Amino acid sequence: MRDTAVSGAALPRAVWADRDQSRDDRADVPANCGRAIRLASDELWCDDAKKAAARAAGRGFTMYSGGRDAGPAIGPVDGHQHWLGSGAERIFMWEKRARTPLSRGLVLLVHGSSACARPTFDLQVPARPDASMMNWLACSGFDVWCFDCRGYGKSYKGLEVAATCSDGADDAAAVSQYIMDLRRLDRLFVYGTSSGALRASIFASRFPERVGRLAVDGMVWTGRGSRTLEERRQKLAQWKASTRRPVDPAFIRSIVTRDLVPSADPQLVDCFAEQALENDDVVPTGTYIDMCENLPVVDPQAILAPTLILRGEFDGVGTLEDDLAFFAALKTASKQIHVMAGMAHATNLQKNFFTSYQRVEQFFSQSETAPLERA
């Protein structure tokens with residue numbers, strides 16, 4: 001299943017034009033983004049990288065960073081912010097749409113544990129607008145939305161909010177209802193990454209009628225055999241002592257070095273760190289506690305939507321065996337699992353990030369399966 005072809009016609013390589021019409025809450029990205037926080041450009045490829053390169057070579061793994069040969073159609077993209085609720089229920093939402101007619105549906109993106117939505121899905125990188133997953137999908141003809149779960153970014157951040165996986169699913173439910181009412185839709189496509197995959201899966205299990213397709217990336221179901229979670233459990237008492245944990249440049253660096261392969265793109269890591277830390281230098285502990293002692297938190301038998309499971313070849317948060325067990329337990333018969341060669345956790349920060357973007361775009365573009373007429 002490694003780097004298996006996914007059905008869907010490749011679109012011509014594109015020249016991108018990105019225009020964000022709602023810049024009141026974020027300054028233009030500085031031209032020297034990637035130098036302000038020197039996470040990757042020098043430091044990332046030192047000791048950990050030498051070990052990673054040796055390990056990768058021993059496993060017959062070759063790192064490369066090539067240009068993508070297929071991408072979305074050309075067109076400018078506009079950004080719009082939305083707000084839902086007030087006080088403790090206040091949630092920030094961000095939408096991006098191409099100016100060309102939209103015909104491929106609406107996508108809702110759900111972020112993970114350690115950064116809010118826009119750095120994760122709408123990363124701003126000088127001269128590289130295709131690094132933004134929202135740009136990619138918007139120029140492919142989708143109406144694309146993300147939101148900050150409560151406790152993150154511009155949403156409500158009261159210290160009483162633990163932001164568990166279940167809480168994030170509640171936020172996704174509220175956001176999806178707002179979007180469907182606004183756009184007069186019955187269903188939408190949902191993508192979640194890391195613990196956002198758990199949030200998205202719980203939401204899909206609770207509201208199957210709202211989810212047309214579900215894609216999960218960096219998924220962990222039971223946590224069995226996870227080297228990342230085993231290390232994380234050593235700090236479980238610390239996570240449980242507070243509803244917040246600090247994040248800093250060193251922690252951001254650890255997200256892309258802990259799998260011990262030099263698969264991350266240094267410029268993407270630098271820009272992600274800068275933009276994530278502009279929004280949050282502390283984040284909730286809820287998903288970390290869930291992943292350390294409460295798994296499984298989602299019932300695959302309750303997920304009815306066609307489902308795509310994506311995992312990087314070297315992702316240490318979950319194991320391939322765990323993903324395959326989740327795949328087998330899914331009630332839906334329309335399901336796919338794709339192992340992406342040359343990638344680790346945090347696929348949006350990998351040298352081969354476009355692989356995951358292509359897979360998601362192709363999956364969300366597939367036609368519905370006609371039901372069989374049984375005698």
Side-chain angles (χ1 to χ4, degrees), residues 82-85 88-95 104-113 117 120-121 134 137 142-152 155-156 161-221 286-287 290-291 294-310 326-327 329-336 360 363-366 368-369 371:
H82 302 256
W83 295 92
L84 174 63
E89 303 301 318
R90 188 167 173 81
I91 296 176
F92 171 78
M93 296 166 286
W94 179 244
E95 175 191 18
R104 304 179 79 179
L106 189 146
V107 177
L108 179 62
L109 307 172
V110 188
H111 68 79
S113 299
T120 304
F121 300 121
M134 296 189 79
L137 293 175
F142 294 97
D143 185 4
V144 192
W145 291 65
C146 64
F147 66 97
D148 292 340
C149 292
R150 285 172 297 162
Y152 294 86
S155 293
Y156 176 73
V161 176
T164 64
C165 294
S166 180
D167 292 338
D170 290 340
D171 294 342
V175 168
S176 66
Q177 188 63 63
Y178 171 89
I179 294 172
M180 290 190 301
D181 289 345
L182 181 69
R183 296 286 181 248
R184 298 182 180 179
L185 296 173
D186 295 324
R187 293 188 301 172
L188 37 75
F189 303 132
V190 181
Y191 167 90
T193 181
S194 193
S195 66
L198 293 173
R199 291 165 166 151
S201 297
I202 296 171
F203 163 65
S205 70
R206 291 175 179 173
F207 297 92
E209 73 282 359
R210 298 187 190 180
V211 181
R213 288 181 176 268
L214 171 68
V216 294
D217 191 343
M219 177 79 174
V220 57
W221 182 34
T287 57
D290 276 346
M291 295 168 77
N294 296 327
L295 294 177
V297 295
V298 60
D299 178 9
Q301 281 287 299
I303 296 176
L304 306 182
T307 301
L308 169 66
I309 301 170
L310 292 169
F326 183 77
F327 176 86
L330 284 166
K331 187 171 185 178
T332 177
S334 180
K335 51 190 174 182
Q336 305 172 34
V360 172
F363 177 65
F364 287 159
S365 300
Q366 290 176 4
E368 295 293 332
T369 303

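Just so you know, these numbers come straight off a predicted model, no measurement behind them.
- Panel note: side chain Trp221, backbone Phe327; no donor-acceptor pair is recorded below 3.5 Å.
- Counting heavy atoms from C-beta on, the side chains of Leu188 and Arg183 never come closer than 4.5 Å.
- Between the Gln301 side chain and the Ala329 main chain, a donor and an acceptor come within less than 3.5 Å of each other.
- Atom CG of Leu330 sits about 11.0 Å away from atom OG of Ser205, to the nearest 0.5 Å.
- Environment of NZ in Lys331: sparse, with no more than 12 heavy atoms of neighbouring residues, nucleotides or ligands closer than 6.0 Å.
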Output, in order, the C-alpha distance, side-chain angles, deciding distance and verdict of side chain to side chain contact (heavy atoms under 4.5 Å, CB included) for Leu84 and Arg90.
CA-CA 6 Å; Leu84 174 63; Arg90 188 167 173 81; over 6 Å; no

Verdict with supporting geometry, Ser176 and Phe203, side chain to side chain contact (heavy atoms under 4.5 Å, CB included):
CA-CA 10 Å; Ser176 66; Phe203 163 65; 3.4 Å; yes

Evaluate side chain to side chain donor-acceptor pair (under 3.5 Å) for Thr164 paired with Asp167, printing each intermediate quantity in order.
CA-CA 5 Å; Thr164 64; Asp167 292 338; 3.1 Å; yes

Assess the residue pair Arg213 and Thr332 against the criterion (side chain to side chain donor-acceptor pair (under 3.5 Å)); give the C-alpha distance rounded to whole Å, side-chain angles, the decisive distance to 0.1 Å, and a yes or no.
CA-CA 11 Å; Arg213 288 181 176 268; Thr332 177; over 6 Å; no

Evaluate Trp94 against Phe147 for ring pair (Phe, Tyr, Trp, His ring centres under 6.0 Å), listing each step before the verdict.
CA-CA 6 Å; Trp94 179 244; Phe147 66 97; over 10 Å; no

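- A 4.5 Å side-chain heavy-atom check between Thr120 and Cys146 finds every atom pair outside the cut-off.
- Because its NZ or CZ atom is not both nearer than 6.0 Å to the ring centre of Phe364 and within 45° of the ring axis, Arg104 does not count as a cation-pi partner of that residue.
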Before giving the answer on side chain to side chain contact (heavy atoms under 4.5 Å, CB included), spell out for Met180 and Asp186 the whole-Å C-alpha distance, their side-chain angles and the decisive distance to 0.1 Å.
CA-CA 6 Å; Met180 290 190 301; Asp186 295 324; 5.9 Å; no

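- The two residues Trp145 and Leu106 make their nearest non-hydrogen contact at NE1-CD1, 3.4 Å.
- Proximity of a side-chain donor or acceptor of Thr193 to a complementary backbone N or O of Tyr191 within less than 3.5 Å is not detected.
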I'd like to know whether Ile179 forms a side chain to side chain contact (heavy atoms under 4.5 Å, CB included) with Leu108, so could you lay out the CA-CA distance, the side-chain angles of the two residues, the decisive distance to 0.1 Å, and finally the verdict.
CA-CA 9 Å; Ile179 294 172; Leu108 179 62; 4.0 Å; yes

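- Remark: side-chain polar atoms of Asp171 are not paired, donor with acceptor, to backbone N or O of Gly168 under 3.5 angstrom.
- Side-chain atoms of Ile303 and Ser201, non-hydrogen and from C-beta on, do get closer than 4.5 Å to each other.
- A side-chain donor-acceptor contact under 3.5 Å links Ser155 to the backbone of Phe92.
- Within the 3.5 Å criterion, the main-chain N or O of Ser113 finds a donor-acceptor partner in the side chain of Ser195.
- Counting heavy atoms from C-beta outward, His111 and Arg199 have side chains that approach closer than 4.5 Å.
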